[in-house]
Amino acid sequence: MSRPIGAASWPVAMLSALRALPRTVWLLGCVSLLNDAASDLVYPLLPLYLATLPGAGAQALGLIEGCAEAVASLLKLASGVLADRHGSARPWVIGGYGLAALTRPLIALASGWPMVLALRVGDRIGKGLRSSPRDALLARSVAPAQRGLAFGVHRAMDNAGAVAGPLLAAALLGLGVPLRELFLWTALPGALTLWLIWRVPETPVIAAPASTAPAPAAGAPLPPALRRYLAIYALFSLGNASNLFLLWRAHELGLADAALPLLWALVSAVAMLGSAPLSGLSDRIGRRRLIAGGWTLFALVYALLGWPGLPPAGLWPLAALMGLHLAATEGTAKALVTDLAPAADLGRAFGWYHLISGLCLLPASWLTGTLWAAHGAPLACAWAGGCALLAATLLAFTKH
């Protein structure tokens, strides 16, 4: 077991650990940075864009995001299984990022919310093709003691793109660029993503087996500990609706339209700064404790988000807390999947992880949107927070 790092030596140890990460981690991080800069250039503006289209509202927003992620998640399982079977993840990663780069700018041509739905599904198909093979590629490129840090660095760079995108959107809006034209700007970082992804090598299995259990036969059930963790994660996901509801709430409370991208940039900035150190911390103190704490923080954020007396200024600290929740959980949750899955089955394990997340997002987003439209924000936010708190409790008391 690693010895605790003193406060004075922590920065030096962190810098040394970052330098020890292989080239694949940094290349995939740069790809995610560029891709998310394109995605988050327009993502926080979708509620505003939908408000200009006939028949769109909170329910349409929930349906669009839920369907898009559900379709993506089905493909995440299939692509993960096929990447394991053929021993090659790189083609799936290239194809997935390429499809997203081609479809995202076409949202500028949408004349109604069904067309936005179709294009968002197309964009998420690309995510479905790439996510599980990419995560397996990343997991296999590092040693077990580097897993939390590697996924944390990847999430940090991903969130760096999520900061750059909204800031660019805010700047363009400030210059008077029409809302539709903003979608066309995603073509530039999309092209850079395609150029860079070709330079990511196929990573051989160099890490020790992810589990001490014997490798299962093809098609064998996943290990019981992993199945229990995925079941608890599904419970959390049933309350984890699209993050666009945070922006929808901000719009309801009267936050200026130009401030919405900045609010989302704050979420991503905190997640960017916290992902590497917090996920790296999970390599030392354990994954479950950190994830349970992050889910509890999520429950607190949604409890305050649904408070009827919440002033618009209160959205900013809530956005920062949401970013802290993401920093503590996103990379750590994937590292825990790697810990519990057999090394040769990482693609399938990540496929199930992503499948559960996406399939639960559809009922979570639809139910949140329906509760919001019928009863307002307090009840919808109470549902989200309740699921997170129950999941955190179960994870904390489920050791194996």
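Treat the numbers as computed from the prediction; the structure is a model and nothing was measured. Below, all heavy atoms of this structure are taken into account, side chains as well, without hydrogens, waters or symmetry copies.
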Q. Given L355 and K76, is the side chain to side chain contact (heavy atoms under 4.5 Å, CB included) satisfied, shown in steps?
A. CA-CA 6 Å; L355 175 66; K76 287 172 186 175; 5.9 Å; no

**Q.** For R147, the option from T338, D283, D339, T332 that meets side-chain hydrogen bond (donor to acceptor under 3.5 Å, both in side chains)
**A.** D339

Q: For the pair S132 (side chain) and G128 (backbone), establish whether a donor and an acceptor sit closer than 3.5 Å, ignoring hydrogens and angles.
A: no

Q: Go through the steps for L315 and L305 under the test side chain to side chain contact (heavy atoms under 4.5 Å, CB included), then give the verdict.
A: CA-CA 8 Å; L315 291 163; L305 191 64; 3.8 Å; yes

Q: Verify, without hydrogens or angle tests, whether R284 (side chain) and G280 (backbone) share a donor-acceptor contact under 3.5 angstrom.
A: no

Q) Members other than L102 in its cluster, when Ile, Leu, Val, Met, Phe, Trp, Tyr link by side-chain heavy atoms under 4.5 Å? A) none

Q. Are I291 and L336 side-chain neighbours, meaning at least one heavy-atom pair lies under 4.5 Å?
A. yes

(Q) Could you report the tightest heavy-atom contact between F151 and D135, atom names first, then the distance? (A) CZ-O, 3.8 Å

Q. Can you tell me if R155 uses its side chain to pair, donor with acceptor, with the backbone of A327 under 3.5 Å?
A. no

(Q) Please enumerate all residues that pass side chain to side chain donor-acceptor pair (under 3.5 Å) together with R90, with sequence neighbours excluded. (A) none

Q: Would you mind listing the cluster partners of L273? Hydrophobic ones only (ILVMFWY), side-chain contacts under 4.5 Å, chaining allowed.
A: M272

**Q.** Min side-chain heavy-atom separation F183-L41 under 4.5 Å
**A.** no

Q | Pairs satisfying ring-ring contact (aromatic ring centres under 6.0 Å, His included), at least one member in residues 295-315, at least two apart | A | F236-W295, F236-F298, F298-Y302, F298-H325

(Q) Between T103 and I125, does the side chain to side chain contact (heavy atoms under 4.5 Å, CB included) criterion hold? Intermediate values first, please. (A) CA-CA 10 Å; T103 58; I125 286 175; over 6 Å; no

Q) Hey, are the side chains of R130 and N35 touching, using non-hydrogen atoms and a 4.5 Å cut-off? A) yes

Q: Give a yes or no answer on whether the side chain of E181 reaches the backbone of P178 with a donor-acceptor pair at less than 3.5 Å.
A: no

(Q) Suppose we screen for side chain to side chain donor-acceptor pair (under 3.5 Å). Which residues come up paired with S32, at least two apart in sequence or across chains? (A) Y97, H154

Q: Start with the C-alpha gap between L262 and L167, add the side-chain angles, then the distance that decides, and say whether side chain to side chain contact (heavy atoms under 4.5 Å, CB included) holds.
A: CA-CA 6 Å; L262 298 178; L167 291 178; 3.6 Å; yes

Q | With Y233 via ring-ring contact (aromatic ring centres under 6.0 Å, His included) - residues at least two apart | A | Y353

Q. Within a strict 4.5 Å, meaning less than it, do heavy atoms of the V25 and S141 side chains meet?
A. yes

**Q.** W92 versus S79, closest heavy-atom pair with distance
**A.** CE3-CB, 3.8 Å

